[in-house]
Amino acid sequence: MTAGTRPRPEADPFAGQVNRMFDRIAGVYDRMNHAMTAGLDRRWRERAVDRLGPLEGARALDVCCGTGDLALELGRRVGASGSVVGCDFSEPMLDLAREKGASAPNVRFEWADALALPYDEATFDAVTVGFGVRNFSDLDRGLAELARVLKPGGRLAILEITQPRRPPLSWFFALWFDRIVPLLGTLAGDRDAYSYLPESVKRFPGPSELAARVDAAGFADVAYLILAGGIIAIHTASTPGS
């Protein structure tokens with residue numbers, strides 16, 4: 001397994017834009033997440049890890065780890081005999097994750113591009129992505145990378161925001177994400193970043209389409225669970241073999 005280099009992904013304008021955005025909002029990221037979800041984001045991460053099954057002694061990877069909460073939850077589940085790598089392409093996010101993880105010796109954080117992961121094939125028993133696949137500039141390439149680094153029989157969990165389809169929750173969701181979230185972003189000092197959030201959710205595939213894309217990337221046993229009345233989806237899958 002090799003360490004990632006740190007070129008900014010400027011060759012891809014979208015990736016460069018997202019990279020700079022997360023660099024800017026790193027300091028307010030956790031507070032905004034908790035405010036936007038009434039603190040439920042913590043429980044959703046726990047539910048995503050629950051869906052992976054037993055992890056004691058496993059080697060796990062959290063892609064797009066941000067400030068580290070999902071990676072640290074994995075660290076608690078794999079125990080002292082397991083190990084976790086959290087990777088992200090935003091160094092300010094990684095700096096905060098390393099501060100949080102200072103007392104978690106089985107978790108390390110390092111730079112990586114999700115579309116070109118610097119890990120050998122069949123390295124990990126479990127891979128997670130929490131609120132990150134929506135930001136892949138090439139979704140199918142990113143999913144293929146997740147499959148590549150998983151061992152045969154390895155497990156994947158993707159936690160992501162999705163759009164509820166039925167009123168009245170769909171009405172509330174539209175009001176909250178289209179109007180209130182950008183306003184919160186303005187108060188936090190970066191309206192553009194928190195205007196990007198609802199836009200990215202709107203253009204992202206719905207749960208059934210994402211499941212089909214995961215299947216097409218070579219995964220098996222693809223399933224998904226809808227939470228919070230249709231606002232959150234957890235997709236799970238495994239790589240063929242054992």
Side-chain angles (χ1 to χ4, degrees), residues 18 21-52 55 60-77 84 86-90 92-101 104 107 109 114 126-136 156-164 169-170 172-190 193-202 204 206-207 210 224-236:
V18 173
M21 179 187 72
F22 281 108
D23 285 356
R24 292 196 315 268
I25 67 172
V28 299
Y29 181 79
D30 285 344
R31 293 195 299 276
M32 286 293 291
N33 272 0
H34 300 335
M36 289 187 300
T37 67
L40 290 173
D41 58 304
R42 299 182 181 94
R43 179 57 184 148
W44 295 334
R45 290 183 178 91
E46 292 171 357
R47 291 290 299 274
V49 178
D50 288 344
R51 300 279 288 174
L52 292 170
L55 289 173
L61 173 69
D62 181 38
V63 178
C64 304
C65 69
T67 61
D69 288 344
L70 185 51
L72 293 170
E73 181 62 30
L74 285 167
R76 287 186 280 272
R77 306 294 184 93
V84 176
C87 66
D88 202 284
F89 71 174
S90 170
M93 291 281 195
L94 288 168
D95 287 342
L96 293 168
R98 291 176 185 123
E99 289 179 18
K100 289 183 183 178
V107 182
F109 294 99
V127 172
T128 59
V129 190
F131 307 116
V133 293
R134 186 170 31 82
N135 302 311
F136 288 179
L156 170 72
I158 296 172
L159 170 65
E160 194 51 87
I161 303 168
T162 190
Q163 291 189 80
L169 190 59
S170 60
F172 171 77
F173 182 87
L175 173 65
W176 181 256
F177 269 77
D178 291 344
R179 305 219 177 161
I180 298 176
V181 167
L183 177 59
L184 290 172
T186 300
L187 296 174
D190 201 319
Y194 288 95
S195 296
Y196 164 83
L197 173 59
E199 292 167 4
S200 67
V201 173
K202 287 177 185 176
F204 192 68
L210 179 57
Y224 60 88
L225 173 69
I226 303 297
L227 301 176
I231 293 174
I232 294 295
I234 301 173
H235 285 71
T236 53

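The residues of the chain are indexed from 1 along the displayed sequence.
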Exercise: identify the closest heavy-atom pair between [X] and [Y]:
X: Leu52; Y: Ala157; answer: CD2-CB, 3.7 Å
X: Ala104; Y: Leu72; answer: CB-CD2, 3.9 Å
X: Val107; Y: Ala71; answer: CG2-O, 4.0 Å
X: Val63; Y: Ala114; answer: CG1-CB, 3.6 Å
X: Ser200; Y: Arg134; answer: OG-NH1, 2.6 Å
X: Asp88; Y: Cys65; answer: OD2-N, 3.3 Å

To the nearest 0.5 Å, tell me how far [X] [atom1] sits from [Y] [atom2].
X: Met32; Y: Ile25; atom1: CE; atom2: CD1; value: 8.0 Å
X: Met93; Y: Asp23; atom1: CE; atom2: CG; value: 8.0 Å
X: Thr162; Y: Ile232; atom1: OG1; atom2: CD1; value: 8.5 Å

Checking side chain to side chain contact (heavy atoms under 4.5 Å, CB included) between [X] and each of [options], which is the one that passes?
X: Leu74; options: Leu61, Val84, Val127; result: Val84
X: Leu70; options: Val129, Asp41, Val49; result: Val49
X: Phe22; options: Ser90, Cys64, Pro92; result: Ser90

Pair Asp30-Asp69, side-chain contact (heavy atoms from CB on, under 4.5 Å): steps then yes or no: CA-CA 9 Å; Asp30 285 344; Asp69 288 344; 4.2 Å; yes
Minimum side-chain heavy-atom gap [X]-[Y] below 4.5 Å:
X: Ile161; Y: Trp44; result: no
X: Arg47; Y: Arg43; result: yes
X: Val133; Y: Glu160; result: yes
X: Ile231; Y: Thr37; result: no

Pair Arg45, Asp62 - check salt bridge (charged side-chain N to carboxylate O under 4.0 Å, His left out), show working. CA-CA 11 Å; Arg45 290 183 178 91; Asp62 181 38; over 6 Å; no
Could you check whether Arg42 and His34, counting side-chain N and O atoms only, form a donor-acceptor pair closer than 3.5 Å?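 Indeed, the side chains of His34 and Arg42 share at least one donor-acceptor pair under 3.5 Å.
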Checking the side chain of Arg98 only, and the main-chain atoms of Phe109 only, is there a donor and an acceptor separated by less than 3.5 Å? yes
Kindly indicate, with the supporting measurements, whether the criterion salt bridge (charged side-chain N to carboxylate O under 4.0 Å, His left out) is fulfilled by Glu73 and Arg77. CA-CA 7 Å; Glu73 181 62 30; Arg77 306 294 184 93; 2.8 Å; yes
